[in-house]
Amino acid sequence: MSKMVESAKALMPKLVEIRRDFHEYPEVSQHEAETSKKVAAYLREMGVDEVIEHVNGYGVIGVIKGAKEGGVVALRADMDALQIQEMNDVEYKSRNDGVMHACGHDNHMTGLLGAAMLLCQNRDEICGTVKLVFQPAEEMSPVGGSRGMLESGYLDDIGAIYGLHVWPDLPHGKVGVKSGPLMAATDHFTITIHGKTAHGAKPNQGIDAVVLGAQFVMAAQTFVSRKVDPLDNAVVTFGIFNAGTRYNIIAGECVLDGTVRTLNEDARDMIEDSMRKLLDAICLQSGATADIVYGRGYPALVNHESDAALIRKTAISLFGEEGVVDVKNPAMPAEDFSFYLREKEGCFVWLGTAKDGETPWPLHNSRFDVDEDILWRGSALLAQTAIDYLNK
Ligand code: NI
């Protein structure tokens, strides 16, 4: 067993205590006031060299300087919870009504604090500086907290950034690594088609927004099937189709609300452009008018090849070959870590939480929970990755 694994396991009582404290008092995006104070206090208690508070709101950055000269690397954890009433019956159940760490960010913060402890214990092995980035507002698409952390300037000098997410689709404790696209870009569109009402028996006197909306929805089905590269992935979903006021009146207005998920900017641009052109064509042909609000959320999260290789190697050195899963297919949820990877090199990985024989509750579910045995794994992985990156 590596020294790092041994030291990380020894931290477990403390990690469990920290994680339960975060879990009991979750705070939603941009309201992470108490969480932020706790993070800063823990960092000071652990003896990091510098604690920078109030970065982009409630963000906190801890700085650890190694014994030797070298570059700068960042490790990131997100801090916010969700507006969900927890249904788990556990002693550390959320005490904040209607708010829950249902995306596991309590584990991410704990894992990073554990990494801080391990790095402070191993300053001799650190060639350079490690920045521990506690980021608010990950769940607040399309704004997100990562852009503000980048804009703060505190990350200008980093060479790379690494982070992880607990992942119920992977077996417990396994590290899921993938080079290239790992998570999707999420966009939200709202289309309003303005037709003209008329008597239901005289459609020729109106402009039927129901028919035009239906035309739009059906024609949009070919964007992914006919225009996106078959080896690429994308989703266009219409979640809302609202039109009409009465069974015998030609609908004067139709509202379509939906989401687009893509894994690269080409597909993303193409789908937005196709939507606008299709809408123009339908209006031209029918005499209707329309508005489209196309809101771009987080971009696709695309891991850098050399950093994916590095963290994969580090994970194998800690947990063995069997501890690592090479992820084949990206997932369609989004993650604002993607903004860091557009400006800096780095890699985001998944840490499996599915236990043998149990069907895990998904992320964002009122019953989501993890076996805390993953905490030391996250800490060891982050700490060792930082050391290995700076030593390369
Ligand atoms: Ni999350």
Side-chain angles (χ1 to χ4, degrees), residues 19 22-23 25-32 35-36 39 56-60 74-84 86 88 94 96 99-113 115 132-149 161-170 172 175-178 181-186 188 259 261 297-303 327 330-341 346-354 360-372 374-375 377-378 381-382:
R19 185 259 167 164
F22 283 137
H23 194 89
Y25 300 99
E27 294 172 299
V28 297
S29 311
Q30 289 192 319
H31 292 82
E32 305 93 338
T35 305
S36 164
V39 165
N56 181 32
Y58 292 115
V60 181
L75 303 171
R76 174 272 210 173
D78 40 13
M79 306 163 79
D80 49 338
L82 291 157
Q83 271 133 338
I84 292 178
E86 176 156 19
N88 288 314
S94 169
N96 292 350
V99 185
M100 177 191 175
H101 267 299
C103 198
H105 299 182
D106 50 337
N107 304 290
H108 305 162
M109 289 185 280
T110 308
L112 188 51
L113 288 168
L132 311 151
V133 180
F134 292 85
Q135 178 214 303
E138 193 286 321
E139 302 284 359
M140 216 181 60
S141 184
V143 182
S146 58
R147 278 193 278 194
M149 298 307 279
I161 184 162
Y162 296 91
L164 60 81
H165 206 294
V166 289
W167 208 250
D169 295 331
L170 277 183
H172 176 83
V175 180
V177 187
K178 184 180 179 300
L182 181 72
M183 297 173 80
T186 55
H188 173 195
T259 183
R261 309 277 164 129
Y298 301 159
L301 187 154
V302 183
N303 281 325
V327 174
M332 285 310 189
E335 162 63 64
D336 81 348
F337 195 86
S338 54
F339 284 111
Y340 297 116
L341 296 182
C347 185
F348 192 70
V349 297
W350 295 334
L351 181 56
T353 62
W361 294 100
L363 295 169
H364 293 208
N365 185 285
S366 58
R367 290 193 184 278
F368 176 75
D369 200 3
V370 303
D371 179 328
E372 289 162 329
I374 54 145
L375 295 172
R377 293 170 186 272
L381 179 64
L382 291 171

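Each ligand, and each atom within it, is numbered from 1 in the order the structure gives. What you see below is based on every heavy atom in this structure, not just the backbone, and it leaves out hydrogens, waters and symmetry mates.
Counted by atom type alone, Gln135 and Tyr340 present one or more donor-acceptor pairs between their side chains at under 3.5 Å.
Atom CG in Asp80 sits 12.5 Å away from atom OG in Ser36 (nearest 0.5 Å).
More than 12 heavy atoms of other residues, nucleotides or ligands shown are found within 6.0 angstrom of NE2 on His188.
Using the six-membered ring where Trp is involved, Trp167 and Trp350 have ring planes that are parallel, under 30° apart on the 30 and 60° scheme.
Here His108 fails the criterion, with no N, O or S atom under 2.8 Å of the Ni ion (ligand 1).
Considering just the N/O/S atoms of His105, the one nearest the Ni ion (ligand 1) carries the name NE2. Closest N/O/S atom of His165 to the Ni ion (ligand 1): NE2.
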